[in-house]
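Labels below follow one simple rule: chain letters A, B, ... track the order of the sequence lines, proteins then strands, and each chain is numbered from 1.
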Amino acid sequence: MQYWLMKSEPDEVSIDDLAVAPKQTVPWFGVRNYQARNFMRDTMQIGDLAFFYHSGGAAPGIAEFARSVPSLTGPNPVCCTQRDFPSAAVNPYFDPKSSPDKPRWWLREVRFVSKSRYLPLAELRAHPELANMRLLARGNRLSITPVSNAEWAFITQELMGQ
DNA sequence: GCCAACGTTGGC
DNA sequence: GCCAACGTTGGC
C-alpha cells in the first residue's frame, strides 16, 4: 500500500468531474513523463490512495485535495494510435512513437472516494512536517509523486479540519 | 504573461 | 554519449 499525489488541471479533469463521472471513474491517460509513468505503471497498486491536486488554475497557489483510489484495473497501455481517441479530432496526447505492440504510455483508472476542503499550496508549504514532501521540492514538475505515510497522515488530519 | 526548472530531442 | 536548443510545466 502506497500513497500518491496526482496532479490535474481542473480545466481538464477536476475532482468534481471525477465525482460525477460514470462509475465515478476516470482513465488517467495524460501522463507523458517517464518517471511519472513508471510510478503509475510499476509501483502503483490497485487500491492505493491518492490526493487529487489541482494545478494551475485561476486561484494562484490554491490546491485542492481529495482522496481517490487509483486503479480499478491494472495498468493499461494508452495512446497507441489516434484511433484510441475517437472523440478528439486532434489528440494532444498522441505519440507516433507509441504503438499497440510496443506501447510507450500507460494509464490507470482512478475512482472518486471523497472530497475534502481546499488545502492551498501555501498552507502545505507552511507546515514543517511536510518540508520534505516531493510535491514541494524545488523545481518539481512530476504529475504523479509518492506521498509518505507520515505526510499522508498529517495532511489527512489537516483536511479533517483540526 | 513571465520565467525558472526540468525533460526530451537530435546533431555531432 | 555529449550537450545545445527547444518545449513544457506550473507557480507567481
What is the distance from [atom1] of [X] to [atom2] of [N], rounded to the nearest Å?
{"X": "A:R134", "N": "C:dT9", "atom1": "CZ", "atom2": "P", "value": "18 Å"}
{"X": "A:N33", "N": "C:dG7", "atom1": "CG", "atom2": "P", "value": "18 Å"}
{"X": "A:H54", "N": "C:dT9", "atom1": "NE2", "atom2": "P", "value": "17 Å"}
{"X": "A:E9", "N": "C:dG11", "atom1": "CD", "atom2": "C1'", "value": "11 Å"}
{"X": "A:R32", "N": "C:dT9", "atom1": "CZ", "atom2": "C1'", "value": "15 Å"}
{"X": "A:Y34", "N": "C:dG7", "atom1": "OH", "atom2": "P", "value": "18 Å"}
{"X": "A:L142", "N": "C:dT9", "atom1": "CG", "atom2": "P", "value": "12 Å"}
{"X": "A:L136", "N": "C:dT9", "atom1": "CG", "atom2": "C1'", "value": "16 Å"}

### Task
Would you indicate, yes or no, if C:dG11 has its OP1 or OP2 atom less than 4.0 angstrom from a side-chain nitrogen or oxygen of A:Y53?
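True: A:Y53 side-chain N/O within range (under 4.0 Å) of C:dG11 OP1/OP2.
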### Query
Any side-chain N or O of A:K7 less than 4.0 Å from the OP1 or OP2 oxygen of C:dG10?
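Affirmative; the distance criterion is met.
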### Query
Taking everything shown except A:N132 itself, do over 12 heavy atoms lie less than 6.0 Å from its CG?
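Atom CG in A:N132 is not packed in, count stays at 12 or less.
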### Query
For the residue pair A:W28 and A:F52, does the interplanar ring angle fall in the parallel (under 30°), tilted (30 to 60°) or perpendicular (over 60°) class?
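A:W28 vs A:F52 ring planes: perpendicular.
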### Task
Classify the angle between the aromatic ring planes of A:F154 and A:H127 as parallel (below 30°), tilted (30 to 60°) or perpendicular (above 60°).
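Plane angle over 60°, so perpendicular.
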### Task
Please evaluate the base of C:dT8 for a donor-acceptor partner in the side chain of A:R141 within a cut-off of under 3.5 Å?
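Checked by distance alone, the answer is yes.
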### Query
Looking at C:dG10, B:dT9, B:dT8, which one has an atom nearest to any side-chain atom of A:S55?
C:dG10
### Task
Assert yes or no for the condition that the ring centre distance of A:W105 to A:Y34 is strictly below 6.0 Å.
yes
